[in-house]
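As the structure is a prediction and not an experimental result, all values here were calculated from the model. To find a chain, count down the sequence lines: A is the first, B the second, and so on, and within it residues start at 1.
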2 protein chains.
Amino acid sequence: MSTGDTGVSASLHDHRLPMPVPVGEYDRCPVTDVLRRVSDKWTLLLITLLGRHPHRFNELHRAVEGLSPRMLTRTLRVLESDGLVEREVFPTLPPSVEYRLTPLGASLLEPLSALAEWAVAHHAEIVAVRQRTA
Amino acid sequence: MSTGDTGVSASLHDHRLPMPVPVGEYDRCPVTDVLRRVSDKWTLLLITLLGRHPHRFNELHRAVEGLSPRMLTRTLRVLESDGLVEREVFPTLPPSVEYRLTPLGASLLEPLSALAEWAVAHHAEIVAVRQRTA
DNA sequence: CAGTATCCGAATTGATACTG
DNA sequence: CAGTATCAATTCGGATACTG
């Protein structure tokens, strides 16, 4: 890092966003799109759990304290409609539904890990600064 | 990847979060904390721009179409209070204020790039799935 | 079991006008 | 120039009750 200027950031946004960033363009920026998807209240957690093994609906519901069925469904549906999660229905009685990461979803775990490691490494520092500021 | 099970996801959340994830604990999870910070509407964009070179307030304002002074200030203040951005006031007339990434902020560009590359590589696929679902 | 339906409060963002 | 103040609109998320 700090080779002088923008070696790092260049790779962040230089998939031809011109410098004066029109927000219309920016909204279609892949990075923001993905980031905003992944970063709502429950998505990351669900991806992580599904990264371990497939889960049934109520299994997820039980695993995550505070997550209502409404938000669980909503979050899974978005993930599904983005092709990150796969939903399989077993027509048993009572019905059983299994959710698992698609290969695409699984591949996302990798870059997410880089960010996770950064977060783990630097979170204390952030919190410290935050408290000085507070 | 896909060595069998959770090689990837393990590094995501195994800083000792037990499997039944209590949300109280999860809210203090460094990963989510950082993700939620970075992923509001303007933060990533501002970090990216500041990663190129320091900017003055109105320089950022002009650079990002659709960003109101209110949100610009708010976003910068949060970044500052997290120690990712540094604010320097030059007591000229009229006043001039420069924002730049701190070393901590700059170090965040690196993992962000990993995610950015994933996003660039897979965004088309996501969009395609989305449209089939829509 | 696996959801859906409904209602409501909270948080986020935008628009705009004003100030040291 | 670099913000702040105010108000309105939208979106997000929680609680709860109900259904095939």
Side-chain angles (χ1 to χ4, degrees), chain A residues 21-24 26-27 29 32-33 35-47 49-50 54-82 85-100 133, chain B residues 21-24 26-27 29 32-33 35-47 49-50 54-82 85-100 133:
Chain A
V21 186
V23 80
Y26 190 68
D27 274 350
C29 166
T32 296
D33 194 14
L35 259 177
R36 290 183 70 89
R37 265 289 128 98
V38 148
S39 64
D40 65 1
K41 191 161 181 184
W42 306 108
T43 296
L44 175 63
L45 177 47
L46 291 178
I47 290 179
L49 291 175
L50 294 177
H55 285 70
R56 303 225 319 255
F57 185 88
N58 277 337
E59 207 174 344
L60 289 169
H61 188 211
R62 275 188 302 273
V64 186
E65 190 187 313
L67 172 54
S68 68
R70 175 172 129 77
M71 287 313 294
L72 178 52
T73 305
R74 266 181 56 87
T75 307
L76 288 170
R77 290 284 186 277
V78 170
L79 253 12
E80 203 192 342
S81 80
D82 277 2
V85 161
E86 206 170 48
R87 176 174 181 270
E88 187 178 5
V89 182
F90 301 96
T92 56
L93 206 69
S96 148
V97 178
E98 215 173 73
Y99 294 91
R100 75 185 67 246
T133 310
Chain B
V21 186
V23 80
Y26 190 69
D27 274 348
C29 165
T32 296
D33 193 15
L35 259 178
R36 290 183 69 90
R37 264 292 129 96
V38 149
S39 63
D40 65 2
K41 191 160 182 186
W42 307 108
T43 296
L44 175 63
L45 176 48
L46 292 178
I47 289 179
L49 291 176
L50 294 177
H55 284 70
R56 302 227 319 253
F57 185 88
N58 277 336
E59 207 174 343
L60 290 170
H61 188 212
R62 276 189 302 273
V64 186
E65 190 187 313
L67 172 54
S68 67
R70 173 173 131 75
M71 287 313 293
L72 178 52
T73 305
R74 266 181 56 88
T75 307
L76 289 171
R77 291 287 187 274
V78 170
L79 252 12
E80 205 192 340
S81 80
D82 277 2
V85 162
E86 205 170 46
R87 177 174 179 269
E88 186 177 6
V89 182
F90 300 96
T92 56
L93 206 70
S96 149
V97 178
E98 216 174 71
Y99 294 90
R100 74 186 66 245
T133 310

Between P of C:dG3 and CD of A:Glu59, the distance in whole Å: 13 Å

D:dT4 P sits how many Å from B:Phe57 CZ, rounded? 8 Å

Under 4.0 Å, heavy atoms only, any strand: does B:Ser96 hit a base, just the sugar-phosphate, or nothing? sugar-phosphate

Under 3.5 Å, is there any donor-acceptor pair linking the side chain of B:Arg70 to the base of C:dG14? yes

Counting heavy atoms from C-beta on, name the nucleotide in D:dG3, C:dA2, C:dT13 closest to the side chain of A:Asn58. C:dA2

Can you tell me the distance, in whole Å, between the NZ atom of B:Lys41 and the P atom of C:dA11? 20 Å

Would you mind classifying the nucleic acid contact of A:Phe90 as base, sugar-phosphate or nothing, using non-hydrogen atoms under 4.0 angstrom? nothing

Quickly work out the A:Glu80 CD to C:dG3 P distance and round it to whole Å. 9 Å

When rounded to whole Å, the CG to P distance for the pair B:Leu45 and C:dT13 reads 13 Å

Donor-acceptor contact present, side-chain A:Thr43 to main-chain A:Ser39, <3.5 Å: no

Rounded to the nearest angstrom, tell me the gap between atom CZ in B:Arg62 and atom P in D:dG3. 13 Å

Between C:dT13 (P) and B:Leu76 (CG): distance, integer Å: 14 Å

Quick one: stems involving DNA chain D, counted as three or more successive Watson-Crick or G-U pairs, both distances short of 3.5 Å. C:1-20 with D:1-20

Quick one: A:Leu93 CG to D:dT19 C1', roughly how many Å, whole number? 14 Å

